[in-house]
Protein chains: 2
Amino acid sequence: MALDDSKSNAGSDKSVKGRLLDTAEGLFCERGFKGTSIRDIAASAGCNIASVNYYFGSKEGLYEEVWHRHLIPMRDSRIASINKVMSRAEGRHNLEDLLRSFADTFVGSMVDTSKTSRLSKLMAREYIDSHLPTDMFVNEVMTPTISAMHRALMKTCPDLDESKVLPIVFSVIGQLVHLVHIKTMFEHSGDDLSLPIFDSNEIIEHIVKFSAAGIRAYTGK
Amino acid sequence: MALDDSKSNAGSDKSVKGRLLDTAEGLFCERGFKGTSIRDIAASAGCNIASVNYYFGSKEGLYEEVWHRHLIPMRDSRIASINKVMSRAEGRHNLEDLLRSFADTFVGSMVDTSKTSRLSKLMAREYIDSHLPTDMFVNEVMTPTISAMHRALMKTCPDLDESKVLPIVFSVIGQLVHLVHIKTMFEHSGDDLSLPIFDSNEIIEHIVKFSAAGIRAYTGK
DNA sequence: GATATATTCAAACGATTGTTTTAAACTAAC
DNA sequence: GTTAGTTTAAAACAATCGTTTGAATATATC
């Protein structure tokens, strides 16, 4: 309720299938899978209820296709942001730059805010209420991302114990996912929280500083 | 499905109201609010469907009462664990001890595993799909806990900038909540994940070390 | 233009949801 | 034993869910 994006995609030049995907993505990440009905989706997309089953077979099918069109780009974007930092500054790799780049891509605070930020919320939901094949998210995104971070971290901190990379990545991702949660909480609670104001960029800078120090606790220097 | 705890509370010596609360708590944290039906709860508790509305007025009423009986004890437990560390070792307060104590109470890995661990899951869900009054969780648990950690951190690290305490607490809590998520993922996916084995205590020790270093990045020494 | 295929639509399907009803069973007080 | 109040029980409630149907419409192919 109070989303007032009903029919926001209606009359768009995109195809019915495209409108359904866009609309469903927004509703899924705002209200969750169970909280979003096919009737809601169809109404917001401005098309018939049956069209969901016509194009995607089922509600689950639509949910999976919402993910499928983002999983690979998402993974590639994260890996690319990691590799970009690693390629520049040939001689001396900067840990803070690596973390900041990863965090920005993760939270989506820089460009493409709406799309990336929505995906972050969707992913945060998927952690708890999974409606995807179990291995899908782990294999398609998590494992490749962790691998890329693994390589980058080992390159940046050569004397880092390899067994510590996974917990470190978990710590960084945990902070970032939590940042998305807090952001979502603030958006939903009408700014009447008794907590101080919340600037994503400030928090990201904190996470970078905090995590860099945490990582260096495992290095000799 | 495959929980096979149906009627696990049936025939218990507790009252119907108590059985409903216990059963609902377990189902809510495993399947979420929307994923748990009143019929599921009543069947598992071994009583009639109407009893939920008879004792709690509504499904939401039951959910709120599930929370209510734990919120204050939860808050007090966390604050107590913080204060306990701060009271002992009068002269020299140890940052690692503070973090470890807080983490243990948060994740519930030490004693009372089932109860505390279940609440952690429930809380992780509440972050995303809130079915409580907006201020309730923030006012009853988050704010008091943060305040206690604030005081303890300032006492342990006297030269810490006060404005950095909140982001630091967020970082620690973010890692802990994420740990609960990962644990839940492992439990639900039949141990077929391609990720290495996962020992909560090891991860907690990592979070302690990682966070202590992150915090000291803000102190002079 | 006729045919075949693809898409849209309103309507209904069966199942499940939270909730209410109505009566029976139980418990205690007098 | 009767009464009054509390608790349990089965059934039905209206609403909503995902899905399917079958006819109507649009689009393309020849």
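Chain letters run A, B, ... following the sequence lines, proteins first and then strands; every chain starts at 1.
- For the pair A:K17 NZ and C:dA6 P, the computed distance is 13 Å after rounding to whole Å.
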What N/O pairs connect the protein and nucleotides 19-22 of chain C at under 3.5 Å? Give each pair on its own line.
unit_1 : atom_1 : unit_2 : atom_2 : d
C:dT19 : OP2    : B:K59  : N      : 2.8
C:dT19 : O5'    : B:N53  : ND2    : 3.4

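- Separation of atoms CG (A:L119) and NE2 (A:H70) is listed at 5.0 Å; rounding is to 0.5 Å.
- Residues satisfying the side-chain hydrogen bond (donor to acceptor under 3.5 Å, both in side chains) criterion with A:Y63, sequence neighbours excluded, are A:W67, A:E126.
- Rounding to whole angstrom units, CD1 of residue B:I41 and P of C:dG18 are separated by 8 Å.
- Between B:S37 and C:dT17 there is a side-chain N or O to OP1 or OP2 distance below 4.0 Å.
- Atom OH in A:Y55 sits roughly 10 Å away from atom P in C:dC9 (whole-Å rounding).
- A nucleotide of DNA chain D counts as in contact with chain B when one of its atoms lies under 4.0 Å from a heavy atom; the first and last such, 5' to 3', are D:dT6 to D:dA12.
- Not a single donor-acceptor pair under 3.5 Å links the side chain of B:R118 to the backbone N or O of B:F28.
- Under the side-chain hydrogen bond (donor to acceptor under 3.5 Å, both in side chains) criterion, A:H206 pairs with B:S171, B:Y218, sequence neighbours left out.
- To the nearest angstrom, C1' of C:dT17 lies 16 Å from CG of B:L27.
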Apply the test side chain to side chain donor-acceptor pair (under 3.5 Å) to residues A:S101 and A:D104: give CA-CA distance (whole Å), side-chain angles for both, the deciding distance (0.1 Å), then the verdict.
CA-CA 5 Å; A:S101 178; A:D104 283 334; over 6 Å; no

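- Residue pairs meeting the side-chain hydrogen bond (donor to acceptor under 3.5 Å, both in side chains) criterion with at least one partner in residues 145-154 of chain B, sequence neighbours excluded, are B:H150-B:E162.
- Looking at every heavy atom in both residues, B:L27 comes nearest to B:S44 through CD1-OG, 4.0 Å.
- For the salt bridge (Lys or Arg N to Asp or Glu O under 4.0 Å) condition, no pair includes a residue of residues 163-176 of chain A, sequence neighbours left out.
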